[in-house]
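What's counted below: heavy atoms across the whole structure, side chains too, no hydrogens, waters or symmetry copies.
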Amino acid sequence: MHEHPSPECPIGRNVHAVLGTELDAAEQAMLDHLDSTTLADLADATRERIAQQEQA
């Protein structure tokens, strides 16, 4: 989100209050997901994609 929305704009002066909670929840969901992801998981996924691309 824009760090300094215009207080003159009806959307700008309300955007943080309206979207802030939603964005916080989305960020927490992402962090929770990443917390259960290992480097081995990412390496495996990368190898799988490379193998699929090489077969194409």
Side-chain angles (χ1 to χ4, degrees):
M1 272 195 298
H2 194 293
E3 288 186 31
H4 304 287
S6 172
E8 303 298 317
C9 174
I11 301 299
R13 70 175 170 255
N14 290 291
V15 70
H16 284 274
V18 172
L19 288 180
T21 302
E22 296 300 319
L23 291 174
D24 289 345
E27 181 180 16
Q28 188 59 54
M30 178 185 68
L31 292 172
D32 291 344
H33 179 75
L34 289 174
D35 192 44
S36 65
T37 302
T38 66
L39 288 176
D41 294 333
L42 298 174
D44 290 344
T46 302
R47 281 191 287 274
E48 288 176 23
R49 289 182 60 86
I50 291 169
Q52 290 171 357
Q53 293 165 356
E54 289 174 348
Q55 291 175 356

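Q28 and D24 form no side-chain donor-acceptor contact under 3.5 Å, judged by distance and modelled atom types alone.
To the nearest 0.5 Å, the span separating NE2 on H16 from CD on E3 amounts to 8.0 Å. Put simply, OG on S6 and CD1 on I11 are 11.5 Å apart, with the number rounded to the nearest 0.5 Å.
The shortest side-chain heavy-atom distance between D41 and T38 falls under the 4.5 Å cut-off.
Of all heavy-atom pairs spanning E8 and R13, the tightest one is O-NH1, 3.5 Å.
Under a cut-off of 6.0 angstrom, the local environment of CG in L42 is crowded, with over 12 non-hydrogen atoms contributed by other residues, nucleotides or ligands.
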